[in-house]
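What follows is one structure encoded as structure tokens, with my remarks underneath.
Any value given below was found using the heavy atoms of this structure, including those in side chains, with hydrogens, waters and symmetry copies removed. Letters A, B, ... are given to chains in the order of the sequence lines, protein chains preceding strands, and every chain is numbered from 1.
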Amino acid sequence: MQQFLENLIPNVMSKPDELLEAIIDTLIMVGIAGAISFVLGLIFGIIITVTKRGGVLENKIIYNILDKAINIFRAVPFIILLTWVLPISRAIVGSGIGVSGAMVPLVFGVVPFFARQIESALAEVSSGVIEAAQAMGLSPLAIIFKVYLKEGIPTIARATTLTAINLIGLTAMAGAVGAGGLGDFAIRYGHNRFQEDVTWVTVIIIVVIVTIVQLIGDLAVKKNTH
Amino acid sequence: MAQIKLEKISKTFRTKRHTVEAVKDVSLEIDKGEIYGIIGFSGAGKSTLVRCINLLERPTAGEVYFDDIKLTSLSASSLRRQRKKIGMIFQQFNLLSSRTVEKNISLPLEGGGRSRAEIDKKVSELLEYVGLSDKAKAYPSQLSGGQKQRVAIARALANDPEVLLCDEATSALDPQTTKSILNLLVKLNRELGITIVVITHEMAVIKKICSRVAVMEHGEVVEEGDVFSVFADPKQQITRDFINTTSNLSEVYELIEQNSPVVQLKSGEKLVKLQYLKAEVSEPLISAVTQKFGVIFNILFSDVEIINGCPLGGTVSILSGENSDEAIEYLKEKGIHAKVIKDAAIS
Ligand SMILES: Nc1ncnc2c1ncn2[C@@H]1O[C@H](COP(=O)(O)OP(=O)(O)OP(=O)(O)O)[C@@H](O)[C@H]1O
Ligand SMILES: [Mg+2]
């Protein structure tokens with residue numbers, strides 16, 4: 001087996017530690033940036049939903065500011081965002097490079113996307129149910145937590161899966177500017193040194209991670225659909 | 001005393017392209033303990049009007065009073081407190097699909113300072129009241145339409161409301177289920193003294209349970225009063241149209257048009273339509289007339305219903321006999337609206 005692998009993927013087998021580190025870096029970036037983005041995106045998605053015209057906390061000013069901000073950040077290509085938010089990154093995490101340096105641009109890249117995903121997920125909660133909740137005298141906060149977030153679980157789970165997969169892609173891209181992780185690994189060896197087997201192995205690992213995320217997501221959707 | 005008072009309510013929807021005056025200057029008073037019907041064709045503004053009662057829709061003009069409290073000038077949190085006293089059910093049931101039946105019913109009770117045990121007790125009482133104790137753990141998707149509406153009713157009753165607003169609550173249900181839901185509404189009106197406001201486009205619903213009715217057309221209430229008088233003596237064409245939707249008497253005109261053998265008259269026969277308009281009139285009159293004048297009524301259509309305890313409706317029949325003119329005069333004197341639709345001697 002060992003022999004077989006060394007023949008098949010010699011450049012990967014010569015640096016297993018680096019590969020392992022790349023995988024861990026990717027998981028850390030996806031995990032931490034994902035968790036932060038999940039919370040922020042959910043909050044912004046909810047705010048934009050409830051402040052919308054006819055929403056339970058209708059507010060033109062907040063809605064318009066948030067709506068425009070999301071649009072602007074979504075319009076900026078991630079590769080540009082990476083350098084654009086560098087000063088912010090330095091200010092917050094003290095570094096513009098490496099795994100921690102990639103966090104800030106990843107969050108900036110994912111949150112607007114996820115907020116829109118949440119917005120459309122919550123839009124699927126029937127307006128009649130929201131109305132029934134209002135009619136029974138529930139407060140806006142109770143409507144958010146007991147109705148929107150509960151009724152929306154299947155669609156939120158779907159949006160989260162999609163966003164997580166998106167984030168894995170962005171993480172690989174962040175590798176291009178020295179963020180570490182699988183993207184960085186593939187570019188350094190696979191691209192720059194023509195070690196094709198490195199590229200292949202990286203692709204397979206990323207596909208496996210994405211598949212696992214998709215499976216978990218599908219399971220969450222299924223468990224919460226009645 | 002009026003429990004709900006709508007004072008000059010108007011609601012105008014403005015969209016980019018056009019404005020819709022959904023409700024125009026409607027004033028209504030709904031008394032405590034009555035079942036009040038609002039009927040109108042699709043787009044008449046019924047839903048908009050009823051949603052103005054609990055301010056799901058803010059009227060563009062006018063005031064809403066509930067128990068003499070001016071809802072239209074309450075703060076958001078005081079309005080929520082009042083809304084707990086006004087239950088509402090909908091055509092689409094609007095249950096939470098992520099919650100079981102019992103959790104749907106407990107939703108309005110949560111966070112109100114009640115203990116888990118108190119809530120559970122209340123929920124099981126409500127389930128029993130609507131006859132769904134065995135479905136407590138089911139999800140809405142596992143229920144029939146009628147069962148869903150029962151859950152919605154139980155949920156609306158959770159806060160012991162004084163009023164229940166029903167927006168087309170039976171429109172998505174089959175006739176049998178409609179009947180059982182209407183019976184349930186009557187039961188909670190009688191037993192719990194809940195004032196009920198029923199929105200519908202079906203005259204049968206009004207006939208079956210309402211004591212008073214308002215007829216809406218193009219955003220306005222065009223006719224209003226106790227159900228019997230409105231039915232017996234409709235003032236507006238639209239009201240007559242609604243009455244005709246539940247009466248088969250007008251079918252005779254179609255038969256005449258089709259030249260059906262059923263309405264071919266022999267000499268001396270008349271096709272007459274009799275309508276009972278006064279509460280004290282009842283069917284024996286026909287047999288009385290038959291004996292007194294020696295005439296024969298061959299009844300083609302009959303549509304007599306008991307509304308608020310009084311017979312209402314009429315018959316279409318072929319009248320024959322020498323004294324048929326006198327018989328018709330006699331019936332008119334007795335307060336029956338008699339109309340000769342077709343006369344063999346004339347046609
Ligand atoms: N949110 C809204 N925005 C714009 N127009 C509206 C809105 N809600 C209702 N309308 C319009 O107001 C009018 C009355 O609507 P409403 O729903 O009150 O009628 P309805 O009598 O309940 O009809 P139906 O029997 O079909 O339910 C319609 O012309 C409708 O298009
Ligand atoms: Mg309606």
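- The cationic atom of A:Lys52 (NZ for Lys, CZ for Arg) does not lie both less than 6.0 Å from the six-membered ring centre of A:Tyr63 and within 45° of the ring axis.
- Heavy atoms of B:Gln82 lying under 4.5 Å from chain A are absent altogether.
- With a threshold of 4.5 angstrom between heavy atoms, B:Leu96 approaches chain A through its backbone and through its side chain.
- Note on B:Asn159, B:Leu107, B:Leu79, B:Leu55: by heavy-atom pairs under 4.5 Å with chain A, the leading option is B:Leu107.
- Using a 4.5 Å cut-off between heavy atoms, B:Arg81 does not touch chain A at all.
- Ring planes of A:Trp84 and A:Phe73: tilted class, angle from 30 to 60°.
- A:Thr225 does not touch chain B: none of its heavy atoms, backbone or side chain, sits under 4.5 Å away.
- Atom OG1 in A:Thr161 sits 10.5 Å away from atom CG in A:Leu219 (nearest 0.5 Å).
- Residues B:Ile209 and B:Val198 form a side-chain contact, since some pair of their non-hydrogen atoms from C-beta on lies under 4.5 Å apart.
- With respect to chain A, the highest number of heavy-atom pairs below 4.5 Å among B:Ser77, B:Pro108, B:Ser141, B:Ser97 belongs to B:Ser97.
- Between chain A and the residues B:Glu110, B:Gln92, B:Gln142, the most heavy-atom pairs under 4.5 angstrom are made by B:Glu110.
- Neither the backbone nor the side chain of B:Leu165 comes within contact range of chain A, judged by heavy atoms closer than 4.5 Å.
- The line from CZ of A:Phe114 to CG of A:Leu40 is 10.5 Å long, rounded to the nearest 0.5 Å.
- A cation-pi arrangement is absent between B:Lys46 and B:Phe41 under the rule of less than 6.0 angstrom and at most 45 degrees off the ring axis.
- Counting heavy-atom pairs closer than 4.5 Å to chain A, the top residue among B:Arg83, B:Arg80, B:Lys85 is B:Arg80.
- Within 6.0 Å of CD1 in A:Ile61 there are 12 or fewer heavy atoms belonging to other residues, nucleotides or ligands.
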